[in-house]
Amino acid sequence: MERNISLVSLLCFIIFNGCLVFEADAVESQRSEKLKLTHRHSPDLGHNPGTTLGPPKNSEERLKQLVQSDKARLHAIKRRLGVVGKLKDWVEFPFRSAADMGIGQYFVSLRMGTPAQTFTLLVDTGSCLTWFKCKYMCVDCSAVVEGQRYFSPNQSSSFKSIPCSSQECKTMDKASTLPNCPHPNAPCYYDYSYLDGLNVGGSYFNETVKFRFSNGQKKGLQMTMGCTDGLNQKNRFKTVDGILALGLNPISFAVKAAHEFGGKFSFCLENHWIIKSESSYLVFGAEDQVPNMQFTDLLTEESKRTSLYPIKVTGISVNGTMLDIPSYVWDMTDKGAGGMIVDSGTTVTHLVEQAFDKVIAAFEPSLSMYNKTKGNLDYCFNAPPAEEFDETRVPRLALHFEGGAKLEPEVNGYIFDDSKGVKCLGFSRLAWPEMNILGNLLMQNHLWEFDLANKKVGFARSKCMLD
């Protein structure tokens, strides 16, 4: 397993290499945790300075940034290769889209420490370590910039550094944990290196995260996280407080929180392209039963190897006709080829050439009235503005999963504005052998549930609004 991973674009979520994968045990719980998700375009963000770079200048810049982010994430992914009973309450955290930064992912607001300090973190189902910018034993304290947010361990009575001589340090990710231990009480250090030269380094620590239940009760839960110091403020994370890791790893936030709150977590991604004040949400535990929820199995053996969320695709249909895609495309090999993962940190959906070419061929007859042109994605065409574009001409796409589940995304999940007068199909072509990735734009306007205890992934159409 390797430590280095790629980070090429301004807006890429992190996938840390060498993650250890867990097997979830069924947990009895009477509570669950919901985190409020706020769309990055929300007017509410105007009251939260320091967490946004402002909107891209135009739709072309936005899509270009998203595509660049996906390319970096793809490179990183390549390098890494129930509960029973009714839950009465859940925990919720503020959660919003990061589109105003040109990022195709989502942010969550988290309270940590005693007294609590509040931070805005990028949410990523492909990351293993939750980390914060931190003022603690700085490698380069000159990197601390006035006006930016940092976790201050010295101001928290619940902060506990993890000594490098401890058994806990020895069980951390060996690919990223540094062997340095100058004295028994020195911190347990990590170092993550990226292909653009950025190093995210710091020390592991345990701290209390504050959860608020839907019934108003509060609970603190100790989590293992990373205190990232010495950041070069010219890097791509200069306005990001940190990363909230939802990958399949014993140290990940998702695994610990889901184990505590019912063995599952879920999120609902509202329309990435529409600016509105309503919020999406990230939930730990379970709400009341969502109508028309469909489930497919999480592929256990594959998830052990990758720390990701692989599910079995049985086919793709366009306007009800199943495309002639070779079945081996959907079988994940032990070398990471084929198969499909569900990834909240990837924006557009990436398909290997055997699948991509068939999908494009199925769309072309209906879009033939528009001239093909160059854009930020693989298939773009000249088209009238949104108010004049006839969506009824666009074929309806469906992804079919093992067990009969079928995802039928809205047209705005796979037809995007690239620049003035140009639209693109929201798929990126991968050369074989690669891994297919279900991006978050196809996932939007749906509630997604990750049932770790029962090893299932479920989804249902939703307006993504908090009660």
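The model shown is predicted, which means the values in this text are computed figures rather than measured ones. Only this structure's heavy atoms are used, side chains among them; waters, hydrogens and symmetry mates stay out. Position 1 is the first residue of the sequence, and the numbers go up from there.
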Worksheet item: By salt bridge (charged side-chain N to carboxylate O under 4.0 Å, His left out), which residues pair with Lys256, not counting sequence neighbours?
Response: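 Result, salt bridge (charged side-chain N to carboxylate O under 4.0 Å, His left out) vs Lys256: none returned.
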About how many Å separate [atom2] of [Y] and [atom1] of [X], when rounded to the nearest 0.5 Å?
X      : Y      : atom1 : atom2 : value
Trp330 : Leu399 : CH2   : CG    : 6.5 Å
Glu449 : Phe267 : CD    : CZ    : 11.0 Å
Leu441 : Thr346 : CG    : OG1   : 10.5 Å
Arg111 : Thr114 : CZ    : OG1   : 9.5 Å
Cys424 : Asp418 : SG    : CG    : 4.0 Å
Met172 : Cys164 : CE    : SG    : 12.5 Å

Worksheet item: Strictly by modelled atom types, are Ser344 and Asn440 linked by a side-chain donor-acceptor pair under 3.5 Å?
Response: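 Note: Ser344 and Asn440 side chains miss the donor-acceptor criterion.
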Discussion item. If the test is side-chain hydrogen bond (donor to acceptor under 3.5 Å, both in side chains), which one of Tyr190, Tyr150, Trp131 qualifies with Thr228?
Written reply: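 Running side-chain hydrogen bond (donor to acceptor under 3.5 Å, both in side chains) over Tyr190, Tyr150, Trp131 with Thr228 returns exactly one hit, Tyr190.
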Practice prompt. Determine whether the aromatic ring centres of Phe205 and Phe159 lie less than 6.0 Å apart.
Written response: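 Yes.
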With a 3.5 Å distance limit and no angle check, can you tell me whether [X] reaches the backbone of [Y] through a side-chain donor-acceptor pair?
X      : Y      : answer
Gln222 : Asn206 : no
Asp241 : Phe119 : no
Ser419 : Val422 : no
Asn436 : Val352 : yes

Worksheet item: Hey, is Arg461 close enough to Glu410 for a salt bridge, meaning N to O under 4.0 Å?
Response: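 Yes, charged N to carboxylate O under 4.0 Å.
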Mind listing the closest non-hydrogen atom pair of [X] and [Y] along with its distance?
X      : Y      : result
Pro409 : Tyr414 : O-CE2, 3.8 Å
Thr125 : Tyr309 : O-CE1, 3.5 Å
Pro310 : Met332 : CB-CE, 3.7 Å

Practice prompt. Give me the one residue out of Val283, Leu447, Asn445 that meets side-chain contact (heavy atoms from CB on, under 4.5 Å) with Cys268.
Written response: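 One option only clears the test, and that one is Leu447.
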